[in-house]
Structures are given as structure tokens and as C-alpha cells.
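Everything on this sheet refers to the single structure shown next.
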Amino acid sequence: MAGYEPKAIEAKWQQLWAEEKTWEVANPGQPGHAAEKPKAYVLEMLPYPSGEPHVGHLKCYAVGDAIAHFRRRHGFEVIHPMGYDSFGLPAENNAIKTGEPPRAATERSIESFRRQFREWGISIDWSRELATHTPEYYRWTQWIFLRLFERGLAYRDEAPVQWCPKDATVLANEQVVDGRCERCGTQVEQRRLEQWFFKITDYAERLLADFDLLESWPEHVVTMQRNWIGRSEGAEVTFRCEELDLDFPVFTTRPDTLFGATFFVLAPEHPELERLIAGTPVEEEVREYVNRVARESVEDRGDEDRPKTGVPLGRTVVNPVNGEEIPMFVADYVLMEYGTGAIMAVPGHDTRDYEFARAFGLPVKRVIEGADEEVAGDEEGLPYPGDGPMTGSGRFDGKHNREAYEEIVAWLKGEGRGESAVNYRLRDWLVSRQRYWGAPIPVIYCEQCGIVPVPDDQLPVELPEVDDYAPQGRSPLAAAEEWVATECPRCGAAARRETDTMDTFVDSSWYFIRYLDPVNQEAVWDRAAADHWLPVDQYIGGVEHAILHLMYARFFTKALADLDQLSVQEPFANLFTQGMITRDGAKMSKSKGNTVSPGEYVERYGADTARTYVCFMGPPERGGDWSDEGVEGVQRFLSRLWRLCEEVEAKGDAAVDAGAAEGEARELLAKAHWAIDKVSRDFERGFQFNTAVAAVMELVNEAYRVKDGIYGDPAGLGAVRFATATAASLIFPFAPHLGAEVWERLEGRRIWETPWPVADPALLASDTVTLVVQVNGKLRDRIEASSEAPEAELLALARESEKVRRHLDGKEVVKEIVVPGKLVNLVAR
RNA sequence: GCCGGAGUGGCGGAAUUGGCAUACGCGAUCGGCUCAAAAUCGAUUGCCCUUACGGGCUUGUGGGUUCGAGUCCCACCUCCGGCACCA
């Protein structure tokens, strides 16, 4: 008998699936569309094609493919597409280092991914394949940009960016390591430059509210997004600088502490700062301070443990609740990006304001009674961030601060000095990159007309070829002079193209919709196709995308729905995040040399083994440690199933006859039905694939245990045959080639066209149960009992047990607990 | 600091509603087959005491609820992830 040869089996089925285009599905209205079936959109995050696939990819697509197969066999028309997130920095950095154009390296990598996906046997609808770096795709990325621009959701504004003075270039955040340029090690500066933004902050409220529309997302992902959006309720209160006739609004979550404000602080970037200091004695000192802050790295400035610094401005503002004049300061602990860039400082009830007050010898005033042991900085128990009755707050004294809160806001509103307000931590999405390998931003700058969008019929704005990819303080595209020079679409005058490209997160914010109509030349997608397939029923990917990618895609979906291009508000109804695979407990990285190449393992053990192993090594949502011995264990299991199939096949045909099966034959049938039930429930209960695979292993083990004793009996052979075919059917989502092969040999049919099995309740139930007998909660005996036995009979059985008697000797049973079908507990004294 | 998640054999991990702790796999030990090895088949394998029969202990730590706790409650410790001067 030939042994298990995965290579031959896998090649056979991969060829058949490719030739028959088995996994392709048609849109409504197209030939071959299965209108009678419910749809299921199963999607894994598209890979970024850089080099070869790694084990993280293998795990993601193995998990997603298992789900796709499971749904297909439950009668769903499953759309399961694949593509490549093929713009991005690594390809460009590689180009700078080696001179190889990004396109060449990217396309070579795509070829490698495509080949390996086929070798892994992933059930992909290849007719829908796309890559975001192709003009056919980014034409529509640009089209969406223009629609957002028309709506005011894409805008240009000045923003601080990371600037390397030596390389004279803007750096992406991830290129700044410990405040220094990744390439030359120079200290990075902040500069203000004109940048493109998407107005995601307009959607902050909906991005929060619509978590309710999701079916099933991991709780921690929702929490992470909630924190990222960072909604705070409070009030905007206006403080007035009488000398200069200037109003300074501040945002505060604690209007109840207004009476405790003893000073006032502006961010160093505050636009009114210049007016406040012009011609005053502190002018020089403040400028120096502001410049010093501007040179600081973001990390340093964000460090909470650093001593507070700042400069007094020699000006005052009036506290609207009590008319007190309080001094103004500039300090870097106040951020321009949040709220209004100015704060009222309440050192008695805020730790940061307290630290500043101590450093500058400013008064600390208590306005709420109470003490916080944890943070108390002085003998009076201040600063105190908690709640309590108010004091030193005029007519609000004695009132609980939470009650006074609304009253104070209402009073301010009446005075025209404030109102309730909501603030978000979320900032607008900065999408422009001074980089080559991305989708060009489709706008033109005209002296006369200003910013002019490229007309739709001139899309795509194709990426020009350049020789030098290294940024020189501007986008590498700026060097393509012939490309940059164009004419204004509005007035025809000479004009220049935008040379920035888009963040690659823009490309990946809508790819899942383009899959639904990937070759459409006339429109971004056919509305009927999008309406049919969306939302994605099951999205699978790494938890590292919990915030950015998933939130950007949610934002795009909402914006596109507002543009009347979509009918859904949320793109991904169910989300599954897989955990990271480690090696020897450490994150895999090329520099550590501990990477696992899936290609090697597929070559050595076969795709079925590699796929089943990543599903078996632990709960898929958690991480797991790769072990070569573990891979071999799975290989052994699949070989055992294979040899069982060959043995059974050689013994000839025999029908399953549950009625005729007795003894071990019946037990084996029961085990098979138990496995069907177990695997089905593991799928439904959140993809617990490790225990699902374990259940199939148990079934195969049981078949090995009993087979030689029951082959002689036709019903026995039938039972072994059924167990083997069932094991193949259940392992198919994880090991599709072996599953298909064994099923074909035993059943003569295609497993993926065979409905998922259903466990027979009659075989799940057993006539007898093992009764656990405890004395005082401790296990003393196990007794076989009829599963229908009444409580009294179970009790009698328990008391008869010799082992139980020994422990009851000389004691009185004061309580008897019976859980029918499970256990008896005798409480003795 | 804030918000999540997790602590179970030598290792990865299992335990559905509060009811047999350690399924399944790895590793290890022993045995069958073999001249031998590999492959394979089978047995044993939480810890401690005991020749044995048997007994005791055990799910990060300490307490609690309960006939009964890995599971529920309280306090604490450790590790991992996210956010972090966000007013």
C-alpha cells in the first residue's frame, strides 16, 4: 500500500479546482448566479505583498478558508476573493536601497503570493483578483477622493509633520525612531506644511453609535476603537482678556471646578500667542520657549513624568464665574490639537495643573471636599480628582459637585459665557504622503483657479516613471517635470499637478467593495452587486489592524453611503481577529532569524498538514508558539486517516446500518456522531478549531482502537467505513485535499458539494451513564447506571458501593444531592 | 496612570449552565514488529506518600459563597496588548 503522499493528492485537487473554476461565483443577473442560495461574504484582510508570505498569512487564510468551506456546505453561495495591498513604503525603501523599481519588486512578490495561495489550496474566486497599485484600481481610489473632496470631506490644511533636516524630507511616523530619522539618525523636527486630510472627525459620533449595528466583533476591538475616538462630555467656557479685548474659549470636562481655576494656560502653537506678547518684556523669552518646544520630539513632549515647564505671559484673563483675574501662561503640556488649545488650570483638582502650580508657586484652591489617598500631593489632600460637596464656590457651596455641574453650565449659557460641548480625541486623517509608491492625489494647482479637481474623464492620473525614489524634501513625483506641468482643467492656463500620493490605508479602505465588481470600467462598482453581497459576513485578520484599517474602512463605508453609493452603514458584520504566531516564545523577525517559511513546510509536509497545524496549535484568536514537533504530530494524524481509508477501501463496500451495529461497532458510530456534533458546535461557537481538530483525532483514534475487532462483521466494517468518511468530511475545512480524496474514494462524490453532516440524536444519547459518586464533595466511585434511572435508584446504587461505604463508616448522612445523569453527592458528618 | 486580555502537567493547550480537572497533541518511558534503524502499532505518563491495596495534594496568591469552585464574589501578585500631559 502506498503511504500518504500529500504532494500527489494536493496537486490533483488544485488542478481540478483551477480547471473547473470551482470557487468562482457570479453576481446577480450574470449567468451562473445561484439566486436560490443565501449569500455569504467571507473575507480575509488582503496581504501587503512584500517578499514571500509568512506564517501569519498561512494562519489567516487557513482560518478564513475553513469558514468559507463550512458556509458553502451549509448551502451558502460564498464569495471569497483575494487581492493585494500593493502600494506602500517597504517597496519604495527597497527601491532606494537597491535601485529596483517598486513595481518590479511588488509584482514579483504578488506572483509568489499567488502561487503559494494555490499551493495551499485556498478556495479563492480568482476571477475577482485585484491589486491596488494598478491604474485600473487606483483610478477609482482617485474617483472616491474626488467625491470626498466635493463633499468637503477631503480638504487641505497646514499641519505639523516630521521633518529630517539632513535628508530635507518629510518622514512618515513609522520612519521616526526614538525621535530620530530612521536612515541618518538626525534629530527630527516638526514643520508645518500644507497637507491633505479626510474629515473623519465628522463621523466620530456615528462611528461610536454604529457599534450597535455590528453582529459580532471582539469586545476588545470595539473598546480600542472607543478609546481611540475618545469622546468626552463637558463644556466650552469663555475666559476674557480685557486688556486686549480677546475671548479665549476652553474645553473642560469639569465645569464644576470653575471656581478653583487659579491660572490659565495656552499651547505653544496657539494662534493668539503672538498678539499677547508682541511688544511686551516677555516677548523674547516666550519665542525662545516656543521654538524650543517646536524642536522637541513628540515622544519627549508626551512624557508625563517630565517636570512641567512654561513661561508667564504677563497677561490675565477673567474667570467668568467669579470675575477673578488669573494669570496666563504658555506651557507645552497643553496641546493645540485637543479642545481649543487653551485650558483653565485647576490645580486643586487636576494632577497636571497641580504639578505646574507647584513648579511656578501658584495658588492651589480647594473647591470640592474630599481626599484621595492615592494621589494626595499635600497635607490638605490636594489635588483631589474625585467627587464631593462643593466649597469656595459661592452659591454652589454645600451642593454635590455632580448636581451643581448642570446648573453651572446652564448659568454660563444664560450669561453667554459657555455651553455644554463634546470633544473627541480622534483627529482628522492625514492622507498625503511625500512619497512615490502610492496613488497620486488627483488635483491640479492653478494660479487663477486655485485647487482644481482632475475631471473624472481624465482619471486615472497615472503614476509617472521616475529614476530617483529618494525624497528630497518634496515628493519624488516633483522630479517628473513633464508630468507635473499640465494645464488647468477649468481655465486652460499652465498649472501644476499635486505631487503627493495617498496613504495606502486609503487603498485598503474600499477594496472589499471593488471585489464585488472588479473589472467595471464604467463605474466604481455596480450598485446592485454591492447591495447583494454587502456587508462582509465574516472578516478575518490580524488584531494589529484593530484601530486604523478597521476604522478607516468603517468611515469610508459611511461616507460612501452618504454619497448614495452604498446601502450599508457598516462594512463588516462579524470580525474575527487571529492571534500572532511566535517561535520559541519570541516574535518572528528576519533580524532574529527565527522566521518560519510556510513554503518550506508545505514542501516538506504538504499544505493540509501546515494548514491543519496552524488551526490546531491553540485557539486561533490567541497567539501560538510554532513547534516542528507539533507539525509532525498533525502529519501523523493525517497519515493515520489516510491509511485507515486505504485499509477500509481494500476491504470492500459495506453499508452503514446503525440498527445492526452492536457493541464496539455501535460505539464507533456513536463516536462519529459525537464528532459531527462537536466540530459543528466548535465552528458555531467562535471558530474553536483547535478542539474541532482534536475531536476528529479522537474519532480516528477510536476507529483504530476497535477496527480489527469488528471488521469481520458487515455492520462493523460499515461502521469503520462511516467513521473514516465522517473524519474526512469533518477535516475537509482544514485539510481540503485529503478530505476531498478520502471522501471521493469512499463515497464517490465531491465533498464540497456534499452538505455538512448532521449528528443523529439517537446516536448521541447513550443508554448508560457513568455516575459520579462523591462523599463530602470528594470523588469516591464511578458507577455505570441506566440513563433513565430515577433519583432514588441512583442513590441506592451509590450507597451500595463498597468504596462509598468505607467513607461513610461511622458517619451520618445529613444531605443527599442528586444530579440526574451525572452525580450523587452524600454529605456525611 | 487608564482600558482590555490571560495565568491549568515537562511543553502547546482542554473542561458547553457551578458537577469526573488535565481532552487532543508534543515530549518522555516501556513493549510488539525488525538482524538493526526509521516508520508503525500498543501500553504508561499531574505531584507526593506507599512493595502493594490505598491515601493525600493540585488550576498565580490569600480569603469568601456553596453539598460541590479552574468556573461565581472580594482583595492582591505576575505577564501580554492598546492608549497615554486629551483638560
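Side chains are part of it too, since the values below use all heavy atoms of this structure and drop only hydrogens, waters and symmetry mates. Just so it is clear, the structure is predicted and the values come from calculations on it, not from any experiment. Proteins get letters first, then strands, A, B, ... in listed order; numbering begins at 1 in each.
A:Leu764 has its CG atom 14 Å from the C1' atom of B:U16, to the nearest Å. One can place OH of A:Tyr333 at 21 Å from P of B:G1, the figure rounded to the nearest angstrom. For A:Leu638 and B:A39, the CG to C1' distance is 16 Å, given to the nearest whole Å. Counting to the nearest Å, the P atom of B:C85 and the CG atom of A:Asp332 are 11 Å from each other. When the P atom of B:A87 is taken as reference, atom CG of A:Leu266 falls 18 Å away, rounded to whole Å. Spacing between atom CZ of A:Arg685 and atom C1' of B:A14 amounts to 11 Å, rounded to whole angstrom units. Remark: C1' of B:C67 and CZ of A:Arg780 are 15 Å apart, rounded to the nearest angstrom. Atom CD in A:Glu646 sits about 17 Å away from atom C1' in B:C41, given to the nearest Å.
The minimum heavy-atom distance between A:Leu763 and A:Ala670, with the atom names listed, is O-CB, 3.6 Å. In plain terms, the two heavy atoms of A:Pro218 and A:Leu575 that are nearest each other are CD-O, 3.4 Å. Nearest heavy atoms, A:Met344 versus A:Asp353: O-OD2, 3.9 Å. Between A:Ile710 and A:Glu664, the closest heavy-atom pair is CG2-CB, 4.0 Å.
Look at B:U22: it lacks any Watson-Crick or wobble partner with both distances under 3.5 angstrom. Pairing of B:C2, defined by two Watson-Crick or G-U wobble distances under 3.5 Å, is identified with B:G82. Pairing for B:A28 goes to B:U44, judged as Watson-Crick or G-U wobble with the two contacts each under 3.5 Å. In a base pair of the Watson-Crick type (N1 to N3 plus N6-O4 or O6-N4) or a G-U wobble (N1-O2 and O6-N3), with each distance short of 3.5 Å, B:U61 is matched with B:A75. Pair assignment for B:U17: none, as no Watson-Crick or G-U wobble contacts are both less than 3.5 Å. Figure legend. B:A36 is base-paired to no nucleotide; pairs are counted as Watson-Crick or G-U wobble with both atom distances under 3.5 Å.
Between A:Thr770 atom OG1 and A:Leu823 atom CG the span is 12.5 Å, to the nearest 0.5 Å.
Out of B:C85, B:G13, B:G4, the shortest distance to the side chain of A:Arg622 is found at B:G13. Closest to the side chain of A:Arg806, out of B:G54, B:C57, B:C41, is B:G54. Distance from the side chain of A:Lys778 is smallest for B:C57 among the nucleotides B:C57, B:A15, B:G19. The side chain of A:Leu823 sits closest to B:G19 out of B:C85, B:U16, B:G19. Of the candidates B:C67, B:G56, B:C85, B:C67 carries the atom nearest the A:Val827 side chain, counting heavy atoms from C-beta on. For A:Ser232, the side-chain atoms get nearest to B:A87 when compared with the rest of B:A87, B:C67, B:G13.
Each of A:Arg705 and A:Thr252 was assigned the nucleotide of RNA chain B with the nearest heavy atom; the assignment lying further toward the 5' end belongs to A:Arg705. Both A:Lys803 and A:Asn423 sit near RNA chain B, but only A:Lys803 has its closest nucleotide nearer the 5' end.
The backbone N or O of A:Trp429 lies less than 3.5 Å from no partner atom in the side chain of A:Tyr552, so there is not a single donor-acceptor pair. A:Lys59 places a side-chain N or O within 3.5 Å of a backbone atom of A:Gly579 that can act as its donor or acceptor partner. Without hydrogens or angle criteria, A:Glu646 side chain to A:Gly3 main chain gives no donor-acceptor distance under 3.5 Å. Formation of a donor-acceptor pair under 3.5 Å by the A:Tyr289 side chain with backbone atoms of A:Thr309 is found in this model. The closest donor-acceptor contact from the side chain of A:Arg611 to the backbone of A:Ala735 lies at 3.5 Å or more, if one exists at all.
Rounded to the nearest Å, the gap between the C1' atom of B:G56 and that of B:C3 is 44 Å. Straight-line distance between the C1' atoms of B:G64 and B:G18: roughly 15 Å, to the nearest whole Å. Spacing between B:G81 and B:C76 at atom P, rounded to whole Å, works out to 23 Å. Across the C1' atoms, B:C57 and B:G4 are found 35 Å apart, a figure rounded to whole Å. For B:A15 and B:U8, the P atoms lie 15 Å apart once the distance is rounded to whole Å. B:G46 and B:C24 have their P atoms separated by 12 Å, with the value rounded to a whole Å. B:C11 and B:A28 are spaced 12 Å apart, taking the C1' atom of each and rounding to whole Å. On the C1' atoms, B:C49 is 15 Å away from B:U58, given to the nearest whole Å.
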Practice problem: Using the salt bridge (Lys or Arg N to Asp or Glu O under 4.0 Å) rule, take A:Lys707 and A:Glu647 through it: C-alpha gap first, then chi angles, then the decisive distance, then the call. | Solution: CA-CA 10 Å; A:Lys707 65 186 172 66; A:Glu647 195 173 290; 3.2 Å; yes
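Look at A:Arg640 and you'll find a side-chain N or O under 4.0 angstrom from OP1 or OP2 of B:G42. Close to B:A6, at under 4.0 Å from its OP1 or OP2, lies no side-chain N or O of A:His220.
The aromatic rings of A:His545 and A:His549 stand perpendicular to each other, their planes meeting at an angle above 60°, with 30° marking the opposite boundary.
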Practice problem: Go along nucleotides 21-27 of chain B 5' to 3' and tag each nucleotide: B for a protein heavy atom under 4.0 Å from its base, S when only backbone or sugar atoms are that close, - otherwise. | Solution: S-BBSSS
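Between A:Phe329 and A:Phe356, the ring center distance clears the sub-6.0 Å criterion. Ring centers of A:Phe683 and A:Phe734: under 6.0 Å apart, within the cut-off.
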Using a cutoff of under 3.5 Å, can you pull out all pairs of nitrogen or oxygen atoms linking the protein to nucleotides 80-83 of chain B, with atom names and distances?
unit_1, atom_1, unit_2, atom_2, d
B:C83, O3', A:Arg425, NH1, 3.1

Distances under 3.5 Å between nitrogen or oxygen atoms of protein and nucleotides 45-50 of chain B:
none

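Anti is the glycosidic conformation of B:G62, whose angle departs from 0 by more than 90°.
Both the sub-6.0 Å distance and the 45° axial angle are satisfied by A:Arg554 relative to the ring of A:Phe211.
Contact annotation for A:His807: backbone-only contact, meaning every heavy-atom pair under 4.0 Å involves sugar-phosphate atoms and none involves a base.
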